[in-house]
Amino acid sequence: MEHTTWWQAPLTATLIGLPLLVGEILMSGGIGGSTSVAEKLLYLAVVLLAVAWLLPRRRAWRVPRFVAAGSVLAITALPIVTAVLMGLAMTS
């Protein structure tokens with residue numbers, strides 16, 4: 001049975017996570033020579049975003065699709081949230 005709202009989790013991850021992901025890739029110097037842990041996490045986020053869109057559209061794949069989309073949001077938002085919280089802590 002095809003899930004009728006299968007596209008909501010990947011679309012949310014794309015609309016929120018993709019601009020953050022592109023910004024982080026550009027700030028880290030683009031895709032290239034560095035193999036730091038942070039850059040590997042960015043690659044993982046790109047792969048998980050693709051997986052969220054490419055999983056089968058059946059109800060049985062709803063949870064893995066949601067987990068992949070949520071992981072993209074967590075991986076892309078965590079560095080920005082950490083930087084903001086550190087900035088707030090240093091100003092007080």
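Atom CG of L73 and atom CD1 of I75 lie 10.0 Å apart (nearest 0.5 Å). The structure places CG of L78 at 9.0 Å from CD of E24, a figure rounded to the nearest 0.5 Å. Taking CH2 from W53 and CZ from R65, the interatomic distance works out to 9.5 Å, rounded to the nearest 0.5 Å. With values rounded to the nearest 0.5 angstrom, L41 atom CG is found 12.0 Å from Y43 atom OH. We find the CE-OG1 distance between M86 and T91 to be 12.0 Å, quoted to the nearest 0.5 Å. In this structure, OG1 in T14 is found 10.0 Å from CG in L21, a value given to the nearest 0.5 Å.
Linking Ile, Leu, Val, Met, Phe, Trp and Tyr whenever their side-chain heavy atoms come within less than 4.5 Å leaves V47 and L11 in two separate clusters. Under a hydrophobic clustering in which Ile, Leu, Val, Met, Phe, Trp and Tyr are joined whenever their side-chain heavy atoms come within less than 4.5 Å, directly or via other members, V67 and W6 fall into different clusters. The same ILVMFWY cluster, assembled from side-chain heavy atoms under 4.5 Å apart, contains both L15 and L49. Residues V81 and I25 fall into different hydrophobic clusters, defined by Ile, Leu, Val, Met, Phe, Trp and Tyr side chains chained together at heavy-atom separations under 4.5 Å. Under the 4.5 Å side-chain heavy-atom criterion for ILVMFWY residues, no single connected hydrophobic cluster contains both L18 and I16.
A heavy-atom distance below 4.5 Å is not found between the side chains of T5 and R62. Between V51 and L55 the shortest side-chain heavy-atom distance falls below 4.5 Å. In this structure, the side chains of F66 and W61 stay at 4.5 Å or more apart for every pair of heavy atoms.
Of all heavy-atom pairs between A69 and P10, the closest is CB-N, 4.3 Å. For T76 against A45, the heavy-atom pair with the smallest separation is CG2-CB, 4.3 Å. Taking both residues in full, the closest heavy atoms of P64 and A60 are given as CD-O, 4.0 Å, listed atom of the first, atom of the second, then distance.
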Chi angles and distances behind the side-chain contact (heavy atoms from CB on, under 4.5 Å) call for V46, L42: CA-CA 6 Å; V46 171; L42 293 177; 5.8 Å; no
Test side chain to side chain donor-acceptor pair (under 3.5 Å) applied to R59 and H3, step by step: CA-CA 5 Å; R59 283 184 77 85; H3 187 57; 3.3 Å; yes
